[in-house]
Amino acid sequence: MFKLPDLGYAFDALEPHIDAKTMEIHYTKHHQTYVDKLNDAIKKMGAEDKAGNNDMGYLIGLLSDLDSVPEDVRAAVRNNGGGHANHSFFWDVMSPDGGGEPKGELAEEIDKTFGSFDDFKAKFKEAAVARFGSGWAWLCFQDKKLHICSTPNQDSTIMEDKNHAPLLGLDVWEHAYYLKYQNKRPDYIDAWWNVVKWGQVEKYLGMLAN
Ligand code: MN
């Protein structure tokens, strides 16, 4: 069955950019609830064996082919499976040692696609601010090219195309920032760059590009 992944750092490790209380509630309550509700749906499907021990490959398969999921649990898998996949990904692209600028191939691709790292950050922020209500902003790699996009709710980038893979994602649900930033989503986005684990993003690009 599905379960919370190891966070890899303490709840207060991303302070002051992301506060400990937000991290604790986000991980132990919000993410846990997506996991629990996803497991309820998996039981209804009789797919406990396929889910295995948090088999993310199986989950990605479901999310990239939602039409194959029985209708009575499709919305539950979309919302809670998407929530589990997105949050598991999100924790991994942040680190207390994060921030700075990307290197190597990723830096080259960002310059080539967006002009400069600052231009990239401005466009990413624009997408994150413009997402009305709850959702996510993404840097993706598709057809051998970088692009920025956003998804509503807990939709995953791979729902529209399994080759539409995320390299970096930002949760812009209010539950991700409201305690510290209240209505100031742009300030949360500015602070978040200080915890982005570019080494992980570079690794994802390396896996997809080569
Ligand atoms: Mn969240």
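We count ligands from 1, going down the list as the structure has it; atoms in each ligand are counted the same way. Along the sequence shown, residues are numbered consecutively beginning with 1.
Each of Val195 and Leu179 belongs to its own hydrophobic cluster when Ile, Leu, Val, Met, Phe, Trp and Tyr are linked at side-chain heavy-atom distances under 4.5 angstrom.
Comment: Asp155 engages Arg78 in a salt bridge, judged by a side-chain N to carboxylate O separation of less than 4.0 angstrom. Salt-bridge check for Asp190 with Lys125: passed, with a basic side-chain N closer than 4.0 Å to an acidic carboxylate O. Between Lys123 and Glu126 there is no salt bridge, since no side-chain N of the basic residue sits under 4.0 Å from a carboxylate O of the acidic one.
For the 3.5 Å distance criterion, the side chains of Trp91 and His31 qualify, holding a donor opposite an acceptor.
Taking a cut-off of 2.8 Å, the protein N, O or S atoms nearer than that to the Mn ion (ligand 1) are His26 NE2, His87 NE2, Asp171 OD2, His175 NE2.
Of the possible polar contacts, one joining the Asn39 side chain to the Phe2 backbone as a donor-acceptor pair under 3.5 Å is found.
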